[in-house]
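Take a look at the structure below.
For clarity, every value in this text was computed on a predicted model and none was experimentally measured. Letters A, B, ... mirror the listed sequences (proteins, then strands); counts begin at 1.
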2 protein chains.
Amino acid sequence: MSVAPGFQPVHRESTSALITRQLREGIMRGTLPAGTQLSEVSLAAEFGVSRGPLREAMQRLVQEGLVRSELNRGLFVKELDEAEIRDLYLTRTAIETAAARAVAHGETVTQSLERLRARATAMAEAAAAEDLQALADADFAFHEELVNLAGSPRLHRVHETLMVETRMCLTALQGTYFDPEDQVAEHSRIVEAIAAGDDAAMVREIEEHMQEALDRLVRATR
Amino acid sequence: MSVAPGFQPVHRESTSALITRQLREGIMRGTLPAGTQLSEVSLAAEFGVSRGPLREAMQRLVQEGLVRSELNRGLFVKELDEAEIRDLYLTRTAIETAAARAVAHGETVTQSLERLRARATAMAEAAAAEDLQALADADFAFHEELVNLAGSPRLHRVHETLMVETRMCLTALQGTYFDPEDQVAEHSRIVEAIAAGDDAAMVREIEEHMQEALDRLVRATR
DNA sequence: CCCGTGAAGATTGTCAACAATCCGGAGATA
DNA sequence: TATCTCCGGATTGTTGACAATCTTCACGGG
């Protein structure tokens, strides 16, 4: 039994982790809209578990900041007002600029750029096909890829939450029209700044991109 | 009842939140050293609660990344190897540079600078008195103040965890000697860069400070 | 008509018991 | 001697029941 046929260590997950993931997905997709109370009994019934594991999952989401807890009253999906959205994008900028710099100074810049370009291309194709859903997905995939390539577990964890919140915002305004070409161009500029290894340019492009995205959002909200 | 005598809305906290805070403190101070298993029964007994609330607190810490969960085996205080420490400082750099920029561009720069200068002065005094404990505390207070002044709930939340991890590292190497003057000088330079409103300088100073701190740590670890 | 009072219902917070899983060592077997 | 098997003890995972709290709504007094 000493041969190693490339097996991976079995990594099972605790039930609370599983439930957490599903709830997060629900919040993200808008199945659980902002402000809704998360009833323990009904959710537990839906998941087919007792309230114990479910409550543990809830506490995770509270810690993550996706859920707000009111003592003896219940848990509610966090609502995002304009100030919160600004803060969200401020933090995204912090994380993603750091990620970009890590990627640019990393060992495997060439491969990283290849993957980022692929993501940018996917966005361009979706824009050309006028498939807004695909465009949005490719957009998220780009930013997730950027942070993944940085190879930082902490940046990744924080960013994961931020992306859920971002998706929350966009889901709430589904159907709003954004100019696809602008978005595609902004992402390309980010990639090229990384390729050029120009730290200042990277930061500037990401900042501008976030500012644009934020403006689009705020404009659509009013 | 329309007069507003400056009362604050009562905000009580759930038991799990309270326990979480205490456990976090324990991890930070080294009462619960890295790697130790967190026994549910003994901890529950110590806190005088049942395992329910305690488990909820644990899940929070898992989500925060301070505790690692092994299924059916237990929960362990996360250990930080060199790669983790590097990642920690990378992320701190990301958060604190963003905070510094927010402070520099904020409405109340003057007041903010005042408070930061006060923190820097406290450090200098501790260094002059050769009180290493006070110096370390003042150091932490400076960085916490910096992020608080940014007024960003997200940056704050993330930073809180990072500071716990930082303290974990330092507690583990208690007794090691670092040159106080260097540390004091680095912090002063950060404040002055913010005062000058020079974004690039701010980023550079914080980056260098983090790099220095990281080097000190890694050197001490080996 | 308005406001304070009180009880019913529902929801969350907590607990102690039960089930499942894992780790260690004693003993048997080759 | 080395290895396999099995059992005991301990720890975690899960559950259902009980206690505490909050909300709602009807009722009665001013």
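Nearest-nucleotide mapping onto DNA chain C: of G48(B) and L38(A), the residue sitting toward the 5' end is L38(A). Along DNA chain C, the nucleotide closest to P53(B) and the one closest to R12(A) are compared, and the more 5′ of them pairs with P53(B).
Of the residues in residues 54-69 of chain B, none has a non-hydrogen atom less than 4.0 angstrom from any atom of DNA chain C.
Scanning for side chain to side chain contact (heavy atoms under 4.5 Å, CB included) contacts around Q211(B) gives L214(B), D215(B), with sequence neighbours left out. Evaluation of the salt bridge (Lys or Arg N to Asp or Glu O under 4.0 Å) rule for E212(A) yields no partner, not counting sequence neighbours.
To the nearest angstrom, C1' of dG13(D) lies 14 Å from CG of L18(A). In this structure, E70(A) atom CD and dT23(D) atom C1' are separated by 13 Å, rounded to whole Å. In this structure, CG of N72(B) is placed 6 Å from C1' of dT12(D), rounded to the nearest angstrom.
The residue S16(B) sits apart from the nucleic acid: no heavy atom pair falls under 4.0 Å. T15(A) comes within contact range of the sugar-phosphate backbone alone, with a heavy-atom separation under 4.0 Å but no base atom that close. Using a 4.0 Å heavy-atom criterion, one finds that G52(A) contacts the bases of the nucleic acid, with or without backbone contacts as well. Here S39(A) lies in heavy-atom contact (under 4.0 Å) with sugar-phosphate atoms only.
Along DNA chain C, read 5' to 3', the first and last nucleotides having any atom under 4.0 Å from a heavy atom of chain A are dT11(C) to dC22(C).
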Donor-acceptor list for residues 66-74 of chain A side chains, cut-off 3.5 Å, not counting sequence neighbours:
| from | atom 1 | to | atom 2 | distance (Å) |
| --- | --- | --- | --- | --- |
| R68(A) | NH1 | E70(A) | OE2 | 2.6 |

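Among the nucleotides dT15(D), dT21(D), dT12(D), the one closest to any side-chain atom of R51(B) is dT12(D).
Bending across the helix from dC1(C)-dG30(D) to dA30(C)-dT1(D), expressed as the angle between its end axes from five pairs apiece, amounts to 10° (10° rounding).
Contact check for F47(A) versus L18(A): no side-chain heavy atoms found under the 4.5 Å cut-off.
At distances below 3.5 Å, not a single donor-acceptor pair connects side-chain atoms of D139(A) with backbone N or O atoms of M123(A).
For the OP1/OP2 pair of dT23(D) and a distance below 4.0 Å, the side-chain nitrogens and oxygens of R73(A) include at least one atom meeting the criterion.
The pair E165(A)-R92(A) does not meet the salt-bridge criterion, since no charged nitrogen lies less than 4.0 angstrom from a carboxylate oxygen.
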